[in-house]
Amino acid sequence: MSIMKKRVSSRTASPAGLALASLAFFASIRLSQGEALRALGGQPAFQTEEESPVRRVELLVLDNGSPTIPIGLHVELGPGWYLYWLNPGDAGLAPEVRWTLPPGYVAGKLRFPTPEKLVHGDIVTYGFTGEVLILCDIQRPASPKAADKAMITAALGWMACQESCVTGESTAQVNLSGLLPSDLQKATSVLSRFSKRYPQKPATTELKVRDARLVKSSGRWTVEILLAGRKAELVSDFFPYPLDDFVIDLHGIAISGGKLIIPVEPANSSAALSSVGGLLIIEGHGYEVSIPIRE
Amino acid sequence: MTFNGLKGNLLLSALCVLILLPAVLGAQEQTAAVGSPAPDFELLSIDGKTHKLSDFRGKIVVLEWTNPGCPVVQRHYRNGLMPALQTDCTGKGVVWLTINSTNPSHPNYKTPDALKTIYSDWKAAFTALLMDADGKAGKAFGAKTTPHMFVLDKDGKLAYNGAVDDDPQGSKETRVNYVKLAVDSLIKGEPIGTSTTKPYGCSVKYAE
């Protein structure tokens with residue numbers, strides 16, 4: 001077994017950052033992505049960072065002046081590699097983040113940009129190539145102790161694939177009390193590349209659900225959703241969130257003229273489906289919906 | 001590589017494909033459905049023996065899609081989960097067929113001899129490891145990931161289709177092992193609580 005050498009690089013925070021607390025900042029964050037590659041026998045052993053699927057993981061602090069701190073986990077991938085969405089699809093594993101936070105701080109849900117749909121034969125997956133910025137709001141305690149070390153650490157567990165797959169873990173850190181103003185330009189630049197890619201809530205005048213029901217016929221269950229509104233006819237695809245107690249036939253998802261068909265298979269005969277969530281895709285943009293289903 | 005070398009490799013690859021070519025019998029366009037008769041297949045094992053699925057009628061059969069180049073498969077063998085499950089099931093009279101549908105041109109493809117060494121090192125306890133180089137058996141069952149598990153009842157009907165357990169990330173201290181639950185239910189003659197789950201792991205490396 002060979003394991004890639006660790007390369008941990010971090011930048012010490014500067015007190016000057018406190019004076020600029022209300023601005024958006026980038027904080028250094030280099031990781032130990034080498035420890036990452038739990039190079040198991042049979043997996044490629046990456047001798048250099050350039051060969052690794054995950055080239056860099058860094059934490060961006062997007063605003064350090066409010067009670068809620070928006071954090072971006074920026075992941076850069078090597079050419080040809082992709083990282084999975086929160087619903088990886090038919091194969092793959094969703095990225096998982098373990099936060100280590102100062103006392104009283106609480107991390108919220110991860111927010112992903114709209115992913116790409118990757119189809120290989122009958123296997124449909126959702127993921128990101130090149131780079132991705134995963135957002136998370138960190139809630140400060142009502143009265144944080146000044147003496148607390150304001151260090152935030154994210155350990156990202158990932159599976160990256162191209163022709164073959166690799167799993168690993170990369171760690172990034174940022175010290176909230178030592179953000180550098182010189183990082184602002186980079187932070188702004190990274191965020192600007194993603195700001196239009198996060199799913200939006202559809203305006204009801206543009207897109208709404210006229211009907212949504214579960215149809216059971218000859219052993220096949222399908223969710224049928226009728227969309228209405230100015231943009232209903234423009235919906236070209238649906239990227240579902242995972243469902244409890246149901247497996248979604250991703251290859252069988254079809255949409256035409258505002259009618260969305262989602263084939264599902266129940267885990268057992270008593271499985272009940274109350275709602276379906278995911279992204280309706282219009283001209284490449286994701287519109288986040290949670291749709292109640294009637295039987 | 002010289003042209004002669006390339007030609008030799010191509011001939012060798014073609015010969016391997018022919019030798020290992022599985023005869024998938026009765027493969028249907030629609031993939032296997034829980035509660036319905038499973039598709040039949042006839043495949044060569046890494047020991048060179050022919051195994052026909054329908055020959056095991058009267059026994060509970062577990063099918064495990066595998067690829068030793070997949071980190072999720074590696075995890076399940078290296079942490080002992082899969083060998084322990086194989087030992088438990090085969091000890092109860094269950095037939096366990098592990099199937100490799102990796103196509104010969106993929107970097108993860110391993111020869112039968114190489115597979116024998118890898119799975120022996122991993123202390124695998126399957127009944128047989130079968131070669132499905134053209135992927136016909138995998139596609140007939142709708143196998144999507146490695147691992148992807150199927151459990152057949154004694155009548156050859158598909159009783160379970162999905163993940164080995166409820167721990168995709170490998171981070172849980174206690175797991176629900178769906179395959180063990182399905183097998184134990186079939187042995188007791190009880191209904192299976194969970195018959196379909198979403199499998200997880202690497203995609204099966206079928207030929208494009």
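Note on naming: letters A, B, ... go to the chains in the order of the sequence lines (proteins, then strands), and numbering restarts at 1 for each one. These figures come from a predicted structure and were not determined experimentally.
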Under 4.5 Å heavy-atom distance to chain A, tell me which part of [X] shows up: side chain, backbone, both or neither.
X: B:Lys205; value: side chain
X: B:Thr145; value: side chain
X: B:Thr197; value: backbone
X: B:Ser171; value: side chain

Would a distance-only check, ignoring hydrogens and angles, find a side-chain to backbone donor-acceptor pair under 3.5 Å from B:Gln169 to A:Leu93? no
Do any N or O atoms from the side chain of B:Lys198 and from the backbone of A:Asp244 form a donor-acceptor pair under 3.5 angstrom? no
Minimum heavy-atom distance between A:Ser164 and B:Asn108, given as atom pair plus value: OG-ND2, 3.3 Å
B:Gln74 side chain reached by A:Thr167 side chain, heavy atoms, under 4.5 Å: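 In short, these two side chains do not touch, never coming nearer than 4.5 Å.
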Are any of the side-chain heavy atoms of B:Cys70 and A:Cys165 separated by less than 4.5 Å? no
So for A:Pro242, is it side chain, backbone, both, or neither that comes closer than 4.5 Å to the heavy atoms of chain B?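 When you check distances to chain B, no heavy atom of A:Pro242 falls under 4.5 Å.
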Reported CG-to-OG distance for the pair A:Asp122 and B:Ser203, which is rounded to 0.5 angstrom: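 One gets 12.0 Å once the value is rounded to the nearest 0.5 Å.
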Any chance NZ of A:Lys259 has more than 12 other-residue heavy atoms, nucleotides or ligands included, within less than 6.0 Å? no
